[in-house]
Amino acid sequence: MKNIDARRLAREDIRKALRAAGLLDGISLQAQQLQNETRPCFWRGVVRDPVARQKDIYVTWHIPSSDTAERADDKTFLREVILAVDIFSKRSFESEANHKMLDRLETAFDEAGFEVEFADEQYEENTQLFHYPLTLHKLYGGTKI
């Protein structure tokens, strides 16, 4: 499988999983919609919109790596795509609401076929936000039997 194809499939899978967990794609919202929206939103890459950065909770994601996992007959057979998911919140992830959201996300990622690695919650003094980083892994490619 070509790298570009594996990355495209991973982008589709992560968006579907985030939506399945109840999040909205922030890029699809107009400024006024974003201001009024109470559900968590997600963005690919860094959130630069000042309104979005003021939300109680939001998620960003990107693909830091995609590499050959298996080769056969001098061709890439499987590719592992790694996605970095960062959840930012004004409240600790020990709060009931944030814990429930993490549970929904883990379920959605599992159902989408991702392996999920959880890191520890961090508090960022400069932004005054709690940050919960996740790393997702998924293999793409292979042949159907």
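Counting begins at 1 with the first residue of the sequence.
Residues satisfying the side chain to side chain donor-acceptor pair (under 3.5 Å) criterion with K2, sequence neighbours excluded, are absent altogether.
The shortest distance between side-chain heavy atoms of F130 and N98 does not fall below 4.5 Å. Looking at T60 and V46, their side chains never come closer than 4.5 Å, going by heavy atoms from C-beta outward. A heavy-atom distance below 4.5 Å is not found between the side chains of V81 and K138.
The CD atom of E111 sits 11.0 Å away from atom CD of E106, with the distance rounded to the nearest 0.5 Å.
Among all heavy-atom pairs drawn from Q122 and P133, the shortest one is NE2-CG, 3.9 Å. Closest approach of F114 to I14, counting heavy atoms only: CZ-N, 4.1 Å.
Not one N or O on the side chain of K16 forms a donor-acceptor pair closer than 3.5 Å with the backbone of A108. A donor-acceptor pair under 3.5 Å is absent between the side-chain atoms of R79 and the main chain of S66, judged by distance alone.
Linking ILVMFWY residues whenever their side-chain heavy atoms come closer than 4.5 Å, directly or via other members, leaves I82 and V59 in distinct clusters. Transitive grouping of hydrophobic side chains (ILVMFWY, heavy atoms separated by less than 4.5 Å) brings F118 and L136 into a common cluster. Hydrophobic clustering, with ILVMFWY side chains joined whenever heavy atoms are under 4.5 angstrom apart, groups I63 together with V116. V47 and L129 fall within the same hydrophobic cluster, where Ile, Leu, Val, Met, Phe, Trp and Tyr residues are linked whenever their side-chain heavy atoms come under 4.5 Å apart, directly or through other members. In the hydrophobic clustering of this structure, I57 does not group with L24; members are Ile, Leu, Val, Met, Phe, Trp, Tyr whose side-chain heavy atoms approach within less than 4.5 Å, directly or through other members.
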Subject >> Trace of the side chain to side chain contact (heavy atoms under 4.5 Å, CB included) decision for L83 with D13 >> reply: CA-CA 11 Å; L83 294 104; D13 287 346; over 6 Å; no
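Each ring-ring contact (aromatic ring centres under 6.0 Å, His included) pair with one or both residues in residues 17-66, not counting sequence neighbours, appears once here: Y58-F88.
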